[in-house]
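Report on one structure; see the data block that follows.
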Amino acid sequence: MPLRRFAAALVGLLVLAAGAAVAAPFERGLLWRVERDGRPASHVYGTIHLDDARAKAFSPQVDEALAASRTLVVEMLDDADSRSAFETAARLPPGRSLRTLAGPESFERVASRLAERYGLPAAAAERLTPWAAYLTLSQPPRPQGEIVDAALQRIARQRGLPVVPLETAREQIASIAAVQTVHMLTLLEVQARRHDETVAAIDALLARYLEEDLDGMLQNEELALRDEPSLRPAYGDLFEQILVRRSARMVERMRPRLERGGAFIAIGALHLHGEQGVLALLERAGWRVQRVALKRP
């Protein structure tokens, strides 16, 4: 599974985890100034893991904050080692198959979606882990080139800024793999069965992102849980593993960068939202967090 496809897939994954969330602090805003005790200011910027020209048309405020920074800090590096780690982890070991894990009926539905919309042969689908199949179905069924996060990394390198990660590829893999298999198989079945809704939700998510509406992004797909409330444990497990726990880890790892100051930290926008989000965690740790108003070019 190519790394950029995986990153884009996290968008859909977070869309469908959204039903676990409610209105909370830091509901709006993508660019935030973070400072305390006379240290040089840093910035936290919320990205969306998609290839979209509007999202990559960075505002003058984002460009100025990045230009004034000493370091770009990202979730994970987009490099060959990371891509290799994902591609290896996405495949089941010999002797195991997704057909057996999911059951013949569910697998046929999943394989059909993967073939029709992503060009993945059934034989390849059989080798996917449940989480890799789920993430693939969670991404837009159209080619994804340079996503927002990769564009920021490219710009930083062109300007001679060092780019450092908050997580490794193996840590991100471990986060999604930590979701209970029974929950992941449930989510995969729903994803295949309601795939048209998933695709529409990704477009709606992007629209909310462009409006800087973090709360709207998280509320975007509550319909899934209203229609099928029995899915709440599975979505809750997913939300806990890939959003809540990772946000806490990110805060711990960005603190040294914030102490030095001059960091531009680019992470998925949904990590900014709510009581358990990065901004609230930083505020409770004594940092001053202030929204920077954006004007799109």
Side-chain angles (χ1 to χ4, degrees), residues 1-17 47-51 74-102 106-107 110-154 157 163-181 183-185 187-188 191-192 195 198-199 202 238 241-243 245-246 249-250 266-268:
M1 174 180 289
L3 180 59
R4 288 178 183 174
R5 288 181 61 192
F6 187 96
L10 287 176
V11 173
L13 186 154
L14 293 174
V15 167
L16 292 179
T47 68
I48 189 165
H49 308 315
L50 290 174
D51 175 12
V74 295
E75 288 186 28
M76 181 180 64
L77 295 179
D78 181 8
D79 59 17
D81 288 344
S82 297
R83 288 190 288 273
S84 176
F86 277 111
E87 289 167 1
T88 299
R91 293 192 294 272
L92 288 166
R96 302 187 66 192
S97 75
L98 185 58
R99 182 188 298 273
T100 302
L101 290 171
S106 180
F107 174 77
V110 170
S112 176
R113 294 294 194 193
L114 290 171
E116 293 170 1
R117 300 189 172 183
Y118 301 91
L120 191 70
E126 288 218 40
R127 294 294 316 281
L128 290 179
T129 62
W131 61 259
Y134 176 74
L135 292 180
T136 302
L137 289 178
S138 297
Q139 69 179 317
R142 54 182 180 264
Q144 289 288 296
E146 183 185 60
I147 64 173
V148 173
D149 309 70
L152 286 170
Q153 292 185 43
R154 172 178 51 78
R157 290 189 174 107
V163 179
V164 297
L166 292 171
E167 299 176 305
T168 67
R170 287 170 178 79
E171 286 173 328
Q172 285 205 0
I173 291 164
S175 293
I176 184 62
V179 177
Q180 295 181 42
T181 300
H183 287 161
M184 187 54 69
L185 289 170
L187 296 169
L188 176 59
Q191 194 79 311
H195 198 245
T198 297
V199 174
I202 292 171
L238 182 72
Q241 299 297 339
I242 56 90
L243 198 62
R245 294 191 180 190
R246 289 180 60 233
R249 180 167 65 202
M250 287 178 187
I267 57 178

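For the single chain, residues carry numbers from 1 onward in sequence order. Quantities reported herein were computed from a predicted structural model and do not represent experimental measurements.
- In this structure, OG1 on Thr129 lies 9.5 Å from CG on Leu188, to the nearest 0.5 angstrom.
- Residues meeting the side-chain contact (heavy atoms from CB on, under 4.5 Å) test with Arg154, sequence neighbours left out: Glu146, Ala151, Gln158.
- Note: Gln139 CD to Ile147 CD1 = 10.5 Å, rounded to the nearest 0.5 Å.
- Contact annotation: the side chain of Val110 never approaches that of Leu128 to less than 4.5 Å [non-hydrogen atoms, C-beta and beyond].
- Smallest separation of non-hydrogen atoms from Ala133 and Leu98: CB-CD2, 3.8 Å.
- Residues satisfying the side-chain hydrogen bond (donor to acceptor under 3.5 Å, both in side chains) criterion with Arg96, sequence neighbours excluded, are absent altogether.
- One distance of note links CD of Gln172 with CD of Glu75; it measures 5.5 Å at 0.5 Å rounding.
- With a 4.5 Å cut-off on side-chain heavy atoms, Tyr118 and Leu137 count as touching.
- Partners of Arg245 under the side-chain hydrogen bond (donor to acceptor under 3.5 Å, both in side chains) rule, at least two apart in sequence or in another chain, are Glu240.
- Atom-to-atom distance recorded for Leu187:CG and Gln180:CD is 11.0 Å, nearest 0.5 angstrom.
- Across all their heavy atoms, Gln241 and Ser175 have their closest contact at CB-O, 3.4 Å.
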Could you walk me through whether Leu166 and Ile267 pass side chain to side chain contact (heavy atoms under 4.5 Å, CB included), step by step? CA-CA 9 Å; Leu166 292 171; Ile267 57 178; 3.8 Å; yes
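- Taking the salt bridge (charged side-chain N to carboxylate O under 4.0 Å, His left out) definition, one finds that Glu116 meets it with nothing, sequence neighbours left out.
- At least one donor-acceptor pair under 3.5 Å links the side chain of Gln144 to the backbone N or O of Asp51.
- Between Arg246 and Glu171 the shortest side-chain heavy-atom distance does not fall below 4.5 Å.
- Here Arg157 pairs with Leu77, Gln153, Val163 under the side-chain contact (heavy atoms from CB on, under 4.5 Å) rule; sequence neighbours left out.
- Every side-chain hydrogen bond (donor to acceptor under 3.5 Å, both in side chains) that His183 has, sequence neighbours left out, goes to Asp237.
- Scanning for salt bridge (charged side-chain N to carboxylate O under 4.0 Å, His left out) contacts around Arg127 gives an empty result, with sequence neighbours left out.
- Ile202 and Ser138 get closest at one heavy-atom pair: CD1-O, 3.0 Å.
- By the 4.5 Å heavy-atom criterion applied to side chains, Asp149 and Val74 are not counted as neighbours.
- Residues meeting the side-chain contact (heavy atoms from CB on, under 4.5 Å) test with Ala124, sequence neighbours left out: Leu120, Pro121.
- Remark: side-chain polar atoms of Thr88 are paired, donor with acceptor, to backbone N or O of Ser84 under 3.5 angstrom.
- Applying the side-chain contact (heavy atoms from CB on, under 4.5 Å) criterion to Ser97, with sequence neighbours excluded, gives Arg99, Thr100, Glu126.
- With a 4.5 Å cut-off on side-chain heavy atoms, Trp131 and Ile173 count as touching.
- No more than 12 heavy-atom neighbours from other residues, nucleotides or ligands sit within 6.0 angstrom of CZ on Arg170.
- Applying the side-chain hydrogen bond (donor to acceptor under 3.5 Å, both in side chains) test to Ser106 and every residue at least two apart in sequence or in another chain returns nothing.
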Check the pair Ile176 / Leu238 against side chain to side chain contact (heavy atoms under 4.5 Å, CB included), numbers first and verdict last. CA-CA 7 Å; Ile176 184 62; Leu238 182 72; 3.8 Å; yes
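- Minimum heavy-atom separation, Leu152 to Ala266: CD1-CB, 3.7 Å.
- Contact record, Pro141 with Val199: CD-CG2, 3.7 Å, taken as the closest heavy-atom pair.
- Between the side chains of Asp79 and Ser82, a donor-acceptor pair is found at a separation under 3.5 Å.
- No donor-acceptor pair closer than 3.5 Å links the side chain of Gln191 to the backbone N or O of Thr198.
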